[in-house]
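Predicted model, so just to flag it, every value in this text is computed and none were measured. Each chain gets a letter, A, B and so on, in the order its sequence line appears, and its residues count up from 1.
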2 protein chains.
Amino acid sequence: MTSPEPPTPFPGRDAGPKIDQQLHALADPTRRAVYDIVRTGPSSVSAVAARLPVSQPAVSQHLRVLSDARLVTATPRGARRIYRADPAGLADLRRWIDQLWDDVLDAYVQAATGAEPEEER
Amino acid sequence: MTSPEPPTPFPGRDAGPKIDQQLHALADPTRRAVYDIVRTGPSSVSAVAARLPVSQPAVSQHLRVLSDARLVTATPRGARRIYRADPAGLADLRRWIDQLWDDVLDAYVQAATGAEPEEER
DNA sequence: AGCTTTCATAAGTCTAGACTTATCTAAGTG
DNA sequence: CACTTAGATAAGTCTAGACTTATGAAAGCT
């Protein structure tokens, strides 16, 4: 075989905007710390800020990113807003990673076992 | 109960440098595209660059980040360097997410079921 | 009604990092 | 050998985004 196509100009396959947001959200250490606090136990913004060496607005901004990524949800409780982890959002990311893992492992064993198409240029 | 401790000054728990590198590596869309090409089939640097709208040095730099994060490995093949996905690196990230998922789901059902310690201030 | 608390948002700063072009080395090819 | 090809690295630019302080809007408290 070895189709005579040009180098396939562009894969175009993307992880989708949601996965992109979630990876971006968890890539920052401070934001991960915010998430760790919130997921351990539901917390208000100021309660999170009290445990981290950053300002309250910084925490609000991190929680906004986590909320947009569907990794946390907010529930108004009087003047406070209680943030908690949203399992549904994390489930999406987990599915994505699992799929990736299956693909990678599959390609790996297939390369190790007999058939090796090797590199493509 | 309600322990009389101060707000627990800092969690200090971090995902570790390796997970941090891997999340950071996969958080960039272009780098994810590089990874997608390489994981689909082992490729040289120029083969990757030919399929993406970025320069060859950009691809080299992305592959460096992916390599440092143990997500890809390089094998010299003459003047070329063949890059392929490293399952071991991805396994680390997958384990981390799975652990996170277990924790989050656990906290969620525990909050839903009876015992609700609610927010902590 | 004021005064306080809680939080989001606005606006500005400053650094990380995603790109570029310009090399330099190493390995193949005539 | 000269010449090309492959890729890494250096150096510089420019934007995203992680912070800050300042302020405004709700909600509770006395």
Side-chain angles (χ1 to χ4, degrees), chain A residues 7 10 14-15 17 20-38 42-69 71-84 118-121, chain B residues 7 10 14-15 17 20-38 42-69 71-84 118-121:
Chain A
F10 204 95
D14 198 11
D20 183 76
Q21 281 180 306
Q22 293 174 338
L23 285 171
H24 172 253
L26 291 179
D28 181 75
T30 302
R31 198 152 45 224
R32 239 166 18 232
V34 170
Y35 182 67
D36 275 341
I37 293 176
V38 161
S43 298
S44 67
V45 176
S46 51
V48 174
R51 303 177 64 182
L52 292 177
V54 293
S55 64
Q56 171 265 310
V59 172
S60 278
Q61 289 158 16
H62 284 305
L63 285 168
R64 180 95 153 88
V65 173
L66 289 167
S67 177
D68 287 347
L71 288 170
V72 303
T73 58
T75 313
R77 166 75 67 107
R80 315 238 176 101
R81 308 197 63 192
I82 306 303
Y83 283 89
R84 30 173 62 79
E118 279 306 304
E119 90 283 354
E120 44 169 283
R121 180 169 287 258
Chain B
F10 204 95
D14 198 12
D20 184 76
Q21 281 180 306
Q22 292 173 341
L23 286 171
H24 172 254
L26 292 178
D28 181 75
T30 303
R31 198 151 46 223
R32 233 158 32 224
V34 170
Y35 181 68
D36 275 342
I37 293 176
V38 160
S43 299
S44 66
V45 175
S46 50
V48 174
R51 303 176 64 182
L52 292 176
V54 292
S55 64
Q56 171 265 310
V59 172
S60 279
Q61 288 157 16
H62 284 306
L63 284 168
R64 181 95 151 87
V65 173
L66 289 167
S67 178
D68 287 348
L71 288 171
V72 303
T73 58
T75 313
R77 166 76 67 106
R80 314 241 176 98
R81 310 197 62 193
I82 307 304
Y83 284 88
R84 28 172 65 78
E118 276 307 302
E119 91 283 354
E120 45 169 281
R121 179 167 286 261

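Checking the phosphate oxygens (OP1, OP2) of D/dA8, a side-chain nitrogen or oxygen of B/Y83 falls inside 4.0 Å. Within the 4.0 Å cut-off from OP1 or OP2 of C/dT9, at least one side-chain nitrogen or oxygen of A/R64 is found. Phosphate contact (OP1/OP2 of C/dT5, side-chain N/O of A/S46, threshold under 4.0 Å): absent. Close to C/dC7, at under 4.0 Å from its OP1 or OP2, lies no side-chain N or O of A/R80. Close to D/dA8, at under 4.0 Å from its OP1 or OP2, lies a side-chain N or O of B/R81.
Under the 4.0 Å criterion applied to side-chain N and carboxylate O atoms, B/R64 and B/D68 are assigned as salt-bridge partners.
Annotation: side-chain contact (heavy atoms from CB on, under 4.5 Å) contacts of B/Q61 (sequence neighbours excluded): B/P57.
The nearest whole Å value for the distance from the CG atom in A/D20 to the P atom in D/dA16 is 14 Å. Atom CD1 of B/I82 and atom P of D/dA8 are 11 Å apart (whole Å). For the pair B/L63 CG and D/dG7 C1', the computed distance is 10 Å after rounding to whole Å. Atom pair A/Q21:CD and D/dA16:P shows a separation of 16 Å (rounding to whole Å applied).
Considering only heavy atoms from C-beta on, B/L71 comes within 4.5 Å of B/L26 through its side chain. Between B/V48 and B/H62 the shortest side-chain heavy-atom distance does not fall below 4.5 Å.
Closest approach of A/R80 to A/S44, counting heavy atoms only: CD-CB, 4.1 Å. Taking each heavy atom of A/R81 and A/A74 in turn, the nearest pair found is NH2-CB, 3.6 Å.
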Atom pairs under 3.5 Å, N or O on each side, protein against nucleotides 17-20 of chain D: can you list them with distances?
| unit_1 | atom_1 | unit_2 | atom_2 | d |
| --- | --- | --- | --- | --- |
| D/dA18 | OP2 | A/R31 | NH1 | 2.7 |
| D/dA18 | OP2 | A/R31 | NH2 | 3.3 |
| D/dC19 | OP1 | A/T30 | OG1 | 3.2 |
| D/dC19 | OP2 | A/H62 | NE2 | 2.3 |
| D/dT20 | OP2 | A/S55 | N | 3.0 |
| D/dT20 | OP2 | A/S55 | OG | 2.5 |
| D/dT20 | O4 | A/Q61 | NE2 | 3.1 |

